[in-house]
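Along the sequence shown, residues carry numbers from 1. Given the structure is predicted, the values throughout are model-derived calculations rather than measurements.
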Amino acid sequence: MTNPKEMPSAPALPRRLACSRCGTEFGCDLSGTCWCAEETAKLPIPVEGEDCLCRECLRKAATEAVR
């Protein structure tokens, strides 16, 4: 039997998502380098019943949250 700690781990594949608000498909890199980390807006996501948002909807939600 091989020791699992000695086995190389496979790189995480990007998760394919559909924006909870508009349905636009996009990818989320599970390694922590998702495009949303580059955004200046940080919102409490997910909102009840929602998953991640696409870049455009995230920016729109951030603008609305400031108002």
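The OG1 atom of T24 sits 7.0 Å away from atom CD of E56, with the distance rounded to the nearest 0.5 Å.
Residues passing the side-chain contact (heavy atoms from CB on, under 4.5 Å) test with C36, sequence neighbours excluded: C34, L58. The side-chain contact (heavy atoms from CB on, under 4.5 Å) test applied to R59 returns E39, R55, not counting sequence neighbours.
Here the closest non-hydrogen pair linking C54 and C19 is N-SG, 3.3 Å. Contact between R21 and C57 at its shortest, heavy atoms only, is CB-SG, 3.9 Å. Here the closest heavy-atom approach between residue L53 and residue S20 is recorded as CD2-CB, 4.1 Å.
With contacts defined as side-chain heavy-atom distances shorter than 4.5 Å, the pair W35/C28 does not qualify.
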